[in-house]
Amino acid sequence: MSEPRMKLAVLTSGGDSAGMNAVVRAVVKTGIIRGCETWIVREGYEGLVRGNTQVHAIHPEPPTVPAAVKHAHGGQASNLLSNLRFGDGDLLRDGTGDHPGGRSLKGRYIVRVGWDDVRGWFAEGGTLIGTARSAVFRTTEGRLAAANNMIKEGIDALVVCGGDGSLSGADVFRSEWPKLVAELRSQGKITEEQAAKHGHLKIVGLVGSIDNDMSMTDLTIGAPTALHRICEAIDNINSTAASHSRAFVLEVMGRHCGWLALLAGVSSGADFIFIPERPPEANPWEDEMCAEIQRHREIGKRKTIVIVAEGAHDANLQPIRADYVKDVLTERLGLDTRVTTLGHTQRGGRPCAFDRILPTLQGEEAVKALLEATPETPSYMIGVRENKITRVPLMEAVAMTRAVAEAIAAKDFAKAMSLRDPEFHQSLEGFFATSALYKEKQLAHYKRMRVAIMHMGAPAGGMNAATRAAVRYCIRQGHRPLAIHNGFRGLLDDNIHELSWLGVDGWTARGGSELGTNRTLPDVDLGAVAARFQEHNFHALMMIGGFEAFNALLILDNGRKHYPAFHIPMVHLPATISNNVPMTEFSLGSDTSLNALVDACDSIKQSASASRNRVFVVETQGGKCGYIATMGALATGACIVYTPEHGMDLDTLRADVKFLKIRYGLDAKGRSEGRLVIRNEASSTVYTTDVITKMFKEEGGELFDSRSASLGHTLQGGVPSPMDRARAARLSLRCMAFLEEHHEELQKQPSKVKQAPPESAAVITIQGSAIKWVPVQEMLQHADMKNRRGKTAWWEDIRGLVEDLVGRSELL
Ligand code: ADP
């Protein structure tokens with residue numbers, strides 16, 4: 001067997017977070033595909049210091065390689081086959097004690113793992129390889145022992161997944177490395193040859209932290225799942241709070257970072273929040289909080305939710321504790337108030353879709369960064385910016401993160417806020433705009449609008465949250481929010497009602513469409529539609545929906561030639577589970593749908609694994625857009641994905657069957673895995689889900705069986721995901737600002753008959769981290785109208801990654 005390109009180890013350190021297992025899985029798999037030997041370190045840096053006192057156990061049953069498997073590397077088995085399994089993955093999964101097979105991890109902290117040892121790790125919360133805080137690693141002696149242990153095993157590269165402490169530790173270790181090696185050599189612990197071979201340590205960091213507290217990256221691994229846990233808890237509390245007309249004060253994690261508290265506040269529609277970066281402005285803050293909550297109660301709100309970040313404090317850095325907030329609410333407002341401290345439930349549980357996708361993409365990038373590292377390159381941290389995986393100098397990110405804590409400690413809250421990303425600012429503004437109830441800031445009369453709000457197409461998570469945000473904003477500004485029920489049909493039937501602040505109160509957490517929705521387009525009777533616009537004196541229109549809404553906007557914009565009533569600002573906020581609206585990377589509802597798919601597939605995979613040797617062909621919705629199928633395949637570890645963009649043909653199917661046969665042939669006896677194949681409903685009219693299920697069954701013979709499952713409308717999801725709710729509020733408020741701006745411009749036109757410019761009929765899109773307005777006519781150039789999707793898809797390359805991570809190209 002040829003020498004590995006690199007021997008790399010991965011460890012998780014500091015506080016655990018969901019998604020850490022996905023990091024380990026991705027690093028191990030990508031490492032093997034790229035010709036490396038892969039190791040894990042148990043118990044973080046502590047394991048590195050302790051090292052191995054026992055000899056390594058090799059898996060008792062090496063795989064028999066089927067004749068059909070291609071032998072790569074000059075007649076030798078591919079790296080995947082050489083590293084198929086070492087057995088330690090099972091030990092790690094079953095705990096670290098003795099294993100029934102007599103094998104044990106006792107005395108072994110640096111453990112070799114193979115391809116199959118990390119299978120199924122995706123869906124598990126926490127970190128299977130253990131994490132710890134290590135005082136001894138903070139000392140030079142500790143790091144000397146760690147270096148010695150690594151060199152003994154021949155490891156020359158390290159992936160660290162942890163918070164800013166862990167990443168600082170990694171950087172200290174790397175910069176000190178040459179000195180450590182010289183010391184070990186002078187103590188005679190390593191040979192001259194070892195010293196020469198290990199002159200440079202390659203290190204890369206991934207941020208595992210539930211707080212989303214790292215600078216220079218938009219999201220940290222584990223934060224989205226923690227937000228899911230918090231929102232689930234608040235959704236449950238909401239119903240009991242309303243029943244008893246109670247107030248609840250929730251304490252959530254976040255010592256120097258209010259991201260969880262803020263996003264939970266926006267996503268759950270809380271009444272008041274306390275975050276470290278922006279203490280309450282009023283002094284005393286108790287008056288401000290009570291006045292706000294009192295206003296909510298006076299208009300009939302039966303429940304109160306206040307969220308307090310663990311590190312919240314007032315402007316003088318005096319901590320604000322949940323118990324104290326409770327006392328204030330009880331004593332001053334006479335509210336029956338309870339405190340709920342969510343504590344460690346926030347860390348736990350199954351990772352949400354994003355905490356599978358992000359660590360997978362970042363784990364892959366980490367291995368690439370290590371392979372390209374030289375003594376001259378800095379240690380990198382893998383982040384995500386603008387929906388792209390990035391590499392940033394690790395110490396720069398750590399320094400910037402610390403600067404936030406320092407700014408807070410120096411009471412420079414403006415600086416602390418300036419170090420947070422723009423999304424944080426927008427979310428905070430959004431929170432105030434949708435939670436505060438005051439009238440004094442309303443716009444001048446001529447700026448006020450009658451805003452029509454409509455849902456279109458199929459329901460999608462976040463539609464109601466977006467409507468709620470729009471309504472609340474309208475009321476604050478002095479506009480009148482007019483809901484058109486049941487789309488254009490409803491408009492023609494005059495099904496229009498003004499919405500109230502309280503009426504939309506619980507809408508953040510509601511799935512489906514509260515306004516009712518359908519696919520009727522305005523050209524069903526454009527003249528009558530224009531007449532309704534005129535009758536109701538609409539000054540602006542917001543349509544929340546999928547491809548239909550885009551189409552409808554196009555029709556209305558074209559209709560401006562004939563109907564003055566359409567010369568008003570009009571926006572489309574994309575909301576569809578298919579994520580098929582051109583130009584935007586994400587539409588509302590796509591995250592909810594992905595999570596619904598992950599939930600369903602986890603259950604299906606469990607069932608498939610229990611029955612062993614079973615391939616489940618899972619059919620997804622999505623129309624002619626394979627986004628959900630592709631991202632779903634990445635998030636569930638599916639081994640094959642069929643999409644309309646890529647299509648299906650006999651050659652591919654033949655290869656797929658061959659791949660499945662080889663793969664099942666390599667499974668250890670009696671320990672075959674249930675496997676998933678995800679097929680978008682419109683991938684082929686001939687090779688239907690039923691046909692390929694039967695074909696796999698027939699071809700699988702003794703090796704594997706096959707079943708199908710259609711997820712159908714379950715993909716619309718029950719309760720919208722926190723990500724969709726937060727995004728809904730943010731985008732909706734941007735839509736309102738856009739409408740206001742164009743309305744004001746129109747008011748300036750001297751003539752009575754206004755001429756709205758083309759850019760005032762636009763779609764709000766997410767392009768990277770930027771929110772961009774695209775005039776609907778420009779959208780047309782990027783739209784594949786026949787297939788109802790964009791002409792290009794940013795996620796198309798993901799398909800290749802899905803295949804790589806199941807070893808397809810290595811095995812076929
Ligand atoms: P987090 O990574 O979540 O911020 P900690 O700050 O507790 O958590 O750091 C985790 C571990 O990283 C520490 O227990 C220690 O072993 C190591 N570490 C942190 N800072 C340093 C440092 N400056 N030098 C060496 N090791 C460090």
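Both ligands and their constituent atoms are indexed starting at 1 by order of listing.
- Regarding atom 19 (C) of ligand 1, its nearest protein heavy-atom neighbour is G165 O, 3.0 Å.
- Residue, atom and distance of the protein heavy atom nearest to atom 27 (C) of ligand 1 are G169 CA, 3.5 Å.
- In terms of polar-atom proximity, defined here as any N/O pair under 3.5 Å, Y45 makes no such contact with ligand 1.
- Under a cut-off of 6.0 angstrom, the local environment of NZ in K388 is crowded, with over 12 non-hydrogen atoms contributed by other residues, nucleotides or ligands.
- Heavy-atom proximity to atom 21 (C) of ligand 1, evaluated over R138, E176, M214, is greatest for R138.
- Proximity of a side-chain donor or acceptor of N52 to a complementary backbone N or O of I110 within less than 3.5 Å is detected.
- Panel note: side chain T131, backbone G14; a donor-acceptor pair is recorded below 3.5 Å.
- What you find for K605 and T636 is that their closest heavy atoms are NZ-O, 3.5 Å.
- Residue G15 has at least one heavy-atom neighbour below 4.0 Å for each of these atoms of ligand 1: 3 (O).
- Near G163, the atoms of ligand 1 lying under 4.0 angstrom from a non-hydrogen atom of the residue are 1 (P), 2 (O), 3 (O), 4 (O).
- Here the heavy atom of the protein found nearest to atom 11 (C) of ligand 1 is S13 OG, 3.7 Å.
- R402 and S168 form a side-chain donor-acceptor contact under 3.5 Å, judged by distance and modelled atom types alone.
- What sits closest to atom 15 (C) of ligand 1 on the protein, heavy atoms only, is S134 O, 3.4 Å.
- D164 and T401 are not linked by any side-chain donor-acceptor pair at a separation below 3.5 angstrom, with hydrogens and angles left out of the test.
- For a threshold of 3.5 Å applied to N or O pairs, the pair formed by V172 and ligand 1 contains no separation below that value.
- Contacts between R143 and ligand 1, counted as non-hydrogen atom pairs separated by less than 4.0 Å, involve the side chain only.
- What sits closest to atom 2 (O) of ligand 1 on the protein, heavy atoms only, is S166 OG, 2.4 Å.
- The environment of Q187 atom CD is dense: over 12 non-hydrogen atoms of other residues, nucleotides or ligands sit within 6.0 angstrom.
- In terms of protein heavy atoms, atom 7 (O) of ligand 1 is closest to R133 NE, 2.5 Å.
- Between the CG atom of L219 and the CH2 atom of W259 there is a distance of 5.5 Å, given to the nearest 0.5 Å.
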